[in-house]
Amino acid sequence: MPELPEVETVRRGLQPALEGARFDRVLARRPDLRWPLPKDFVQRLEGKTVKGLGRRAKYLLADLSSGEVLLMHLGMSGSFRVFHDGRKRKPGRFHHERNKQLTHDHIVFAMSSGATVTFNDPRRFGFMKLVPRAGLEQEPLLRSLGPEPLGNAFDAAMLAQACRGKKTSLKAALSDQRVVAGLGNIYVCEALHRARLSPKRKTSTIASRSGAPNDQAERLVAAIRAVLEDAIEAGGSSLRDHRRTDGEVGYFQHHFRVYDREGQHCVTPGCAGTIRRIVQTGRSTFFCPVCQK
DNA sequence: CCGCGGGCCTGAGAGC
DNA sequence: TGCTCTCAGGCCCGCG
């Protein structure tokens with residue numbers, strides 16, 4: 001559920017607590033998230049300083065003084081919380097929330113900034129990994145990622161080239177991180193609606209045979225950028241238990257035009273359509289069959 | 001290489 | 001009220 005706008009919101013929330021600060025104490029409360037943590041995970045962090053906190057697609061990247069990068073992914077249900085209380089807390093006093101939540105606080109960072117940062121992830125689809133900064137582009141998790149949709153390099157020509165000759169649906173193509181990185185189910189649905197393109201449309205139809213972009217490609221790029229920018233502006237979306245790092249909720253879920261709106265009226269001006277839900281490659285797709293062609 | 005589907009994992013919510 | 005079932009969707013991997 002955390003997609004690019006949520007991860008970017010988390011990054012902005014973590015930045016003041018982490019950047020320029022040292023890991024005074026690290027707690028790994030269980031040895032595995034999605035994958036086992038390295039045995040020396042704690043030692044490789046403690047005493048190191050975070051030089052910068054960046055983001056690539058849905059990954060957070062903390063650049064460490066040791067020359068390593070701490071790669072973090074929220075998976076489906078991961079969330080960070082930042083507690084500012086000035087004093088360093090003893091283990092066991094890290095948490096002042098209810099026990100149910102505490103059991104899923106898997107990683108705790110006590111920072112020299114005075115902040116305590118907790119990583120909570122009930123379903124453990126998220127993970128942390130330490131990789132050398134030198135040759136970061138060789139990292140398997142990052143290597144095949146497509147362009148950043150909010151970056152300068154992402155334009156209709158690039159998208160059309162990536163979509164050229166593809167036989168799958170537009171829904172599947174936009175969900176593919178190799179085509180464009182950072183979209184998930186929600187924002188793919190929202191972007192396609194804004195672009196008035198059907199999720200069932202064959203991907204290759206947004207490019208000419210030579211790979212040149214057409215009007216649909218232009219619309220799609222504009223829609224992707226717009227929906228991501230709007231969502232970041234709103235602090236991301238909070239569905240179920242996803243929260244920002246300060247515990248507050250984002251507001252973008254109130255601006256969904258199709259996602260989880262099955263049976264409701266289409267909000268496109270002048271459109272009398274009703275939002276439908278279908279399943280594509282095992283995932284729910286929400287769209288308006290009237291204005292999305 | 002490509003595309004599809006299974007698996008991982010837990011909690012919320014529906015239905016009986 | 002309480003049990004069981006389904007669904008949510010990030011990403012990897014194996015299969016054809």
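Order of the sequence lines fixes the chain letters, A, B, ..., with proteins taken first and strands second; residue numbering starts at 1 for each chain. These numbers come from the heavy atoms of this one structure, side chains and all, not from hydrogens, waters or symmetry mates.
- Considering only side-chain N and O atoms, A/S284 lies nowhere under 4.0 angstrom from the phosphate OP1 or OP2 of C/dC7.
- Taking the P atoms as reference points, B/dA14 lies 16 Å from C/dG9, given to the whole Å.
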| query | Along nucleotides 10-16 of chain C, 5' to 3', which nucleotides get a B, which get an S, and which get a -, given that the test is a protein heavy-atom distance under 4.0 Å? | reply | BBS----
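- For DNA chain B, runs of at least 3 consecutive pairs of the Watson-Crick or G-U wobble type, with both hydrogen-bonding distances under 3.5 angstrom, map to B:2-8 with C:10-16, B:10-16 with C:2-8.
- Nucleotide B/dT10 holds its C1' atom 14 Å from the CG atom of A/L33, rounded to whole Å.
- Atom CG of A/N152 has 12 or fewer heavy atoms from other residues, nucleotides or ligands within 6.0 Å.
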Acceptor/donor pairs from residues 269-281 of chain A side chains to any protein atom, 3.5 angstrom cut, sequence neighbours excluded:
residue	atom	partner	partner atom	Å
A/R277	NH1	A/S284	OG	2.4
A/Q280	OE1	A/T285	OG1	2.7
A/Q280	NE2	A/P199	O	3.2

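- Regarding contacts with the backbone of B/dC9, every side-chain N or O of A/H104 stays at 4.0 angstrom or more from both OP1 and OP2.
- A side chain to side chain donor-acceptor pair (under 3.5 Å) with A/N185 holds for exactly one of A/E3, A/K171, A/E190; it is A/K171.
- Comparing A/R178 and A/G282 against DNA chain B, the residue whose closest nucleotide sits nearer the 5' end is A/R178.
- For the pair A/Y187 OH and C/dG9 C1', the interatomic distance rounds to 14 Å; values are reported in whole Å.
- Neither A/F256 nor A/V290 shares a network with the other; the hydrophobic side chains, linked directly or stepwise wherever heavy atoms of I, L, V, M, F, W or Y lie under 4.5 Å apart, form separate groups for each.
- Dashed line: the shortest gap from a side-chain N or O of A/R277 to OP1 or OP2 of C/dA8 is under 4.0 Å.
- Spacing between C/dT6 and B/dG6 at atom P, rounded to whole Å, works out to 15 Å.
- Here A/R123 does not pair with A/D121 in a salt bridge; the nearest charged N to carboxylate O distance is not below 4.0 Å.
- Comparing C/dC7 with B/dG5, their P atoms are spaced 16 Å from each other, to the whole Å.
- Salt bridge annotation for A/R56-A/E148: present, with a cationic side-chain nitrogen under 4.0 angstrom from a carboxylate oxygen.
- The distance from atom CD of A/E262 to atom C1' of C/dA8 is 15 Å, rounded to the nearest whole Å.
- Here A/R30 lies out of heavy-atom contact (under 4.0 Å) with every strand.
- Annotation: of the two residues near DNA chain B, A/R123 and A/K167, the 5′-most nearest-nucleotide partner is A/K167.
- A heavy-atom distance below 4.5 Å is found between the side chains of A/V50 and A/L64.
- Look at A/Y259 and you won't find any side-chain N or O under 4.0 angstrom from OP1 or OP2 of C/dA8.
- A salt bridge does not link A/K58 to A/E6: none of the charged side-chain nitrogens sits closer than 4.0 Å to a carboxylate oxygen.
- Of the possible donor and acceptor atoms, none in the side chain of A/K200 sits under 3.5 Å from a partner among the backbone N and O of A/S198.
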